[in-house]
Each structure stands twice: as C-alpha cells, then as structure tokens.
Amino acid sequence: MMLFAGCIAGAAQETEENKELQSGATSVKLSQEVMNPTTLARQLQLEEYAIFKTEGQDGFAQNFRFRGIIPLKEGFLIKVPQLIRVITFLNTAPDGKTGLGDLTLNRFFLLTKKGWGEFGAGWNIQIPTRTDDQLGSPQWSIGPAFTVIFTDL
C-alpha cells in the first residue's frame with residue numbers, strides 16, 4: 001500500500017521546452033512537464049512507500065526510492081533523445097532491518113513524438129546491491145523496457 005509518494009524535480013538543462021516554460025508558463029504546464037517521465041530535464045525524484053501488510057510476515061515495511069534522471073538531447077551512437085535513469089532504494093524490512101536495496105539502471109530512446117504522446121524503448125538492468133538478503137534480490141537481471149505516454153487524451 002502506498003502511503004505517500006512525492007516527486008521533486010529540477011530542470012537544469014537548457015532545452016526549447018525549458019525556455020518556453022521559463023517565459024511565462026502556467027503552473028499547470030509546469031506540473032505536466034514534471035509528471036511526464038519523458039521530459040528532457042535533469043531530475044531527482046524521491047518517493048516513499050509504506051507497506052502495512054507483507055504476506056507471511058508481521059510488521060511494517062518501508063521503501064524509499066531515489067531516482068535520478070539524466071537527459072540526452074541526442075545520443076552518441078543512436079541520434080535520438082534519450083533518458084538515463086539511475087534508481088536506488090533505502091528499504092526497511094518488517095523486522096526493522098534497514099539498508100540499501102538493489103540498483104536499477106535504465107535507458108530509454110524516445111523514438112516517436114506525435115500529437116497524442118510519445119513512445120520509447122530501451123533496456124533495464126538490475127544490480128544486486130542490497131545490504132541484506134531481506135532488502136533485495138540476489139540476482140542480476142537485464143531486459144527490454146518500453147514506455148508509452150499519452151499527453152493529449
């Protein structure tokens with residue numbers, strides 16, 4: 001169950017969209033840009049999840065997620081806009097043990113931008129960086145990643 005989720009984002013890169021936003025955009029427009037996961041802006045997002053019931057265990061668990069987003073207006077080899085996301089977790093198990101969870105890296109290539117929204121594809125890798133067996137997976141994983149954002153519904 002999610003108790004609280006927050007997002008802090010800072011646009012620190014000069015893009016055409018950012019110039020437009022700085023020239024008098026409304027707070028609604030700014031909010032839409034921050035909430036769109038394909039926005040080409042450097043971001044640091046923080047989210048807190050509270051888990052009140054875990055199957056087979058007694059106690060309260062928490063998951064605090066740090067997600068940094070690095071935008072590339074154009075990649076080195078693939079000449080399309082790209083997003084690199086670095087995600088790590090600070091977890092608390094139901095027994096109170098707290099530590100680092102696994103590290104996730106993903107890269108999206110933003111392939112299509114139309115009036116209805118955007119489509120992107122890329123890869124996702126999970127690295128077992130947990131500090132305790134209860135706080136993450138012991139396995140490496142890699143696989144495809146896709147995103148579809150509808151911006152004009």
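Since we're looking at a predicted model, the values are computed, not measured.
The hydrophobic cluster of L135 has no other members, since no ILVMFWY side-chain heavy atom comes under 4.5 Å of it.
Side chains of V148 and F146 form no contact here, defined as non-hydrogen atoms less than 4.5 Å apart. Counting heavy atoms from C-beta outward, I84 and L105 have side chains that stay 4.5 Å or more apart.
Summarising the geometry, atom CD belonging to Q126 is positioned 4.5 Å from atom CG belonging to D102; distances are rounded to the nearest 0.5 Å. Expressed to the nearest 0.5 Å, how far CD1 of I142 lies from CD1 of I125 amounts to 4.5 Å. If you take CG on L110 and CD1 on I149, they are separated by 9.5 Å, rounding to the nearest 0.5 Å. Atom-to-atom distance recorded for R85:CZ and I70:CD1 is 11.5 Å, nearest 0.5 angstrom. To the nearest 0.5 Å, atom CZ of residue F109 and atom CD of residue Q82 are 4.5 Å apart.
For the salt bridge (charged side-chain N to carboxylate O under 4.0 Å, His left out) test, no residue two or more places apart in sequence or in another chain qualifies with R107. Taking the side chain to side chain donor-acceptor pair (under 3.5 Å) definition, one finds that T92 meets it with T98, sequence neighbours left out. F66 meets the ring-ring contact (aromatic ring centres under 6.0 Å, His included) test with F64; sequence neighbours excluded. For D58, there are no side chain to side chain donor-acceptor pair (under 3.5 Å) partners, not counting sequence neighbours.
Cluster membership for W123 and L103, using ILVMFWY side-chain heavy atoms within less than 4.5 angstrom, is shared.
A side chain to side chain contact (heavy atoms under 4.5 Å, CB included) with N106 holds for exactly one of N124, T147, L83; it is N124.
S137 approaches P128 most closely through the heavy-atom pair O-CB, 3.2 Å.
Using the six-membered ring where Trp is involved, F150 and W116 have ring planes that are tilted, between 30° and 60° apart.
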side-chain contact (heavy atoms from CB on, under 4.5 Å) between W140 and I127, worked out: CA-CA 5 Å; W140 286 72; I127 303 166; 3.6 Å; yes
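Sorted by first and then second residue, the salt bridge (charged side-chain N to carboxylate O under 4.0 Å, His left out) pairs with a member in residues 124-136 read K97-D132, R130-D133; sequence neighbours excluded.
Between the side chain of T129 and the backbone N or O of G101 there is at least one donor-acceptor pair closer than 3.5 Å.
By the 6.0 Å contact criterion, NZ on K114 is open, its count of non-hydrogen atoms from other residues, nucleotides or ligands being 12 or less.
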